[in-house]
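Below is one structure, written out as structure tokens; comments come after it.
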Protein chains: 2
Amino acid sequence: MPNNTPSLKFAYHHGDLPKQTLDLALKTLRELGDAAISLRALAKQLGVSAPALYRHFSDRDTLLAELAIGGFEALTDRLGAVDQTTPRTALIEIGLVYVKFAQEEPNLYRLMFGGRVLPLGAHPRLDAAGKRAFTVLENTVSNARQLGYLKPSPVSMTTAAAWSLVHGLSQLTIDGHLPSAKAEPTLTEGVLSLLLDGARSDTRQQSQQDSNL
Amino acid sequence: MPNNTPSLKFAYHHGDLPKQTLDLALKTLRELGDAAISLRALAKQLGVSAPALYRHFSDRDTLLAELAIGGFEALTDRLGAVDQTTPRTALIEIGLVYVKFAQEEPNLYRLMFGGRVLPLGAHPRLDAAGKRAFTVLENTVSNARQLGYLKPSPVSMTTAAAWSLVHGLSQLTIDGHLPSAKAEPTLTEGVLSLLLDGARSDTRQQSQQDSNL
DNA sequence: TAACAATGTTATCGATGTTAACTTATGCCG
DNA sequence: CGGCATAAGTTAACATCGATAACATTGTTA
């Protein structure tokens, strides 16, 4: 007798094991970190033998990569939803959204940018997902520069500075080296403003070779 | 009969196993990353049984913590050696030295700031070593501010911005997301200058609430 | 020299990732 | 409708790892 959802791929023995595996892995990641993700433990909780998971994930690392891809997609969505009407607010808001994502999903963010696991080049789909998130930030910077809001520095350099700032702030806050937004709500915006306006006290349009040290 | 080096701690069966263990672990870390550090493998290479290492390191994590402590001490030394005569060059140089360290010791740097392993609070001596490195940077910022070179923003905020920038740039370059100093020699200094001078094109002394957007 | 602590050893436990070989369910196709 | 290829699961097994317990040996010292 046919199922009520005809075109949907049938649940085999289990009910859509791949998705349930990813869901449980994501839950474990959020609560305990990636080191706590064990294929055997996942399988046991899903009522399935451990090698069953290998029918759907060739490797533990590719399962982790799948989680990271989902993270980059979520981040890309959030960054893409930022209001882009004025350059400054767009830049600030992009930074705020970025740091907020990291602080809301610290273990996922660490997995996405761990470096130790999931090195660049090993999982092409993951690399592509990361690049898409980066492009949103780059486009925002590029747009602000074309509108004359930013200095005519190379886009790559301004983007590198912006990304480094938000990434570093994210890492340092979720690791407890700097106060997170809950303890210091104005920190992120203040730091972003410093990059835009300059940390130096006397800021006319000049560069360092004018040497008024 | 006394040994020729009287005050030196005696080599037991092995010749200073703790130090040799740390040396080999550091070598392994540099070449293969922290995930490749296995107590059993270390012991085998040292010609010793695995549980022997537990006489000197209560845990695998404390061995890793010891490596990270050494890393922070090396970083602190390098940061402390920076010339502090003029605020701007001191700030720039601190950043250059910081990023250079990360790029020269990527696996060690990742261990020091991994977050996954060695979370803050688990190894007090490690936390203290990290704090000492941070203090060098903080003092440099604080000094530059007192000399009037930096805006009168709170020191904590300016320091957070500076640390976030160099830490983020370090992470992103050693993970391959941004070009390293070898591929783009001017990137680090350019990014640092952006923070000092501001990324915005029109930079008079004003803050964002002046609203000339 | 006898007690004692420091430093090793072997044996063992429990957990992990992964592969091989086998079994069963499912959907397609003649 | 029946057989068959294959997708999806099973058990068994291997290698490795961190860690502990129980025991042996070496060096120090009262």
Side-chain angles (χ1 to χ4, degrees), chain A residues 1-22 24-25 28-29 32-67 111 114 116-119 122-123, chain B residues 1-22 24-25 28-29 32-67 111 114 116-119 122-123:
Chain A
M1 187 183 296
N3 196 289
N4 50 2
T5 61
S7 70
L8 198 62
K9 188 186 280 187
F10 236 90
Y12 219 87
H13 299 144
H14 200 274
D16 200 2
L17 185 53
K19 172 169 166 43
Q20 293 203 18
T21 303
L22 286 174
L24 184 56
T28 306
L29 173 68
L32 302 169
D34 57 304
I37 295 180
S38 138
L39 295 190
R40 298 180 100 115
L42 290 179
K44 180 173 288 186
Q45 294 185 64
L46 293 169
V48 127
S49 74
L53 304 183
Y54 285 83
R55 296 288 163 187
H56 309 283
F57 305 97
S58 65
D59 214 322
R60 178 178 181 272
D61 271 14
T62 61
L63 194 163
L64 296 183
E66 221 61 44
L67 294 180
L111 177 63
R116 300 196 321 158
V117 256
L118 309 181
H123 302 269
Chain B
M1 189 180 296
N3 195 290
N4 49 2
T5 60
S7 69
L8 198 61
K9 188 187 279 188
F10 240 88
Y12 218 87
H13 301 146
H14 200 274
D16 200 1
L17 185 54
K19 173 169 165 43
Q20 293 204 20
T21 303
L22 286 174
L24 184 56
T28 307
L29 173 67
L32 302 169
D34 58 303
I37 294 181
S38 138
L39 295 189
R40 299 178 97 115
L42 291 178
K44 180 173 287 186
Q45 293 185 65
L46 292 169
V48 127
S49 74
L53 303 182
Y54 285 85
R55 296 289 167 189
H56 309 281
F57 306 96
S58 64
D59 214 322
R60 177 179 181 272
D61 271 14
T62 60
L63 194 163
L64 296 183
E66 221 61 45
L67 295 179
L111 177 65
R116 300 195 321 156
V117 254
L118 308 181
H123 302 270

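Proteins get letters first, then strands, A, B, ... in listed order; numbering begins at 1 in each.
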### Task
Using whole Å, report how far CG of B:D16 lies from P of C:dA6.
16 Å
### Message
From CG of A:L63 over to P of C:dT16, roughly how many Å is that when rounded to an integer?
### Response
15 Å
### Query
Which whole-number value in Å describes the distance from A:F57 CZ to C:dG17 C1'?
15 Å
### Summary
In this structure, CG of B:L29 is separated from CG of B:L24 (nearest 0.5 Å) by 11.0 Å
Show every donor-acceptor pair shorter than 3.5 Å between a side-chain atom in residues 36-55 of chain A and any protein atom, with sequence neighbours excluded, or say none if there are none.
from  : atom 1 : to    : atom 2 : distance (Å)
A:S38 : OG     : A:R40 : N      : 3.3
A:S38 : OG     : A:A41 : N      : 3.0

### Separation of D:dG9 P from A:L42 CG (nearest whole Å)
14 Å
### Query
Within the pair B:H56 and C:dG8, is there a side-chain N or O less than 4.0 Å away from OP1 or OP2?
yes
### Query
Taking only residues at least two apart or on different chains, which pairs with a member in residues 56-67 of chain A satisfy salt bridge (charged side-chain N to carboxylate O under 4.0 Å, His left out)?
A:E66-A:R125
For nucleotides 18-22 of chain D, which of its nitrogen or oxygen atoms have a protein nitrogen or oxygen under 3.5 Å away, and what is each distance?
from   : atom 1 : to    : atom 2 : distance (Å)
D:dG18 : OP1    : B:L39 : N      : 3.2
D:dG18 : OP1    : B:R60 : NE     : 3.3
D:dG18 : OP2    : B:S38 : OG     : 3.4
D:dG18 : OP2    : B:L39 : N      : 3.0
D:dG18 : OP2    : B:R40 : N      : 3.3
D:dG18 : N7     : B:R40 : NH1    : 2.5
D:dG18 : O6     : B:R40 : NH1    : 2.7
D:dA19 : OP1    : B:D59 : OD1    : 2.6
D:dA19 : OP2    : B:Y54 : OH     : 3.1
D:dA19 : OP2    : B:D59 : OD1    : 3.4
D:dA19 : OP2    : B:R60 : N      : 3.1

### Query
Can you name the nearest heavy-atom pair linking A:L64 to A:L111, along with the distance?
O-CD2, 3.6 Å
### Message
Can you give me the bend angle of the helix from C:dT1-D:dA30 to C:dG30-D:dC1? Use the axis through the first five pairs and the one through the last five, nearest 10 degrees.
### Response
10°
### Query
Can you check the B:Q20 CD to C:dT7 C1' distance for me, whole Å?
15 Å
### Task
Nearest whole angstrom, please: distance from the P of C:dT26 to the CG of A:L17.
14 Å
### Message
Rounded to whole Å, please give me the gap between NZ in A:K44 and C1' in C:dG17.
### Response
15 Å
### Task
Evaluate the side chain to side chain contact (heavy atoms under 4.5 Å, CB included) criterion for residues A:H56 and A:T21: first the C-alpha distance (whole Å), next the side-chain angles of each, then the deciding distance (0.1 Å), finally the verdict.
CA-CA 9 Å; A:H56 309 283; A:T21 303; over 6 Å; no
### Message
Show the nearest heavy-atom pair for residues A:L63 and A:A25, with the distance to one decimal.
### Response
CD2-CB, 3.7 Å
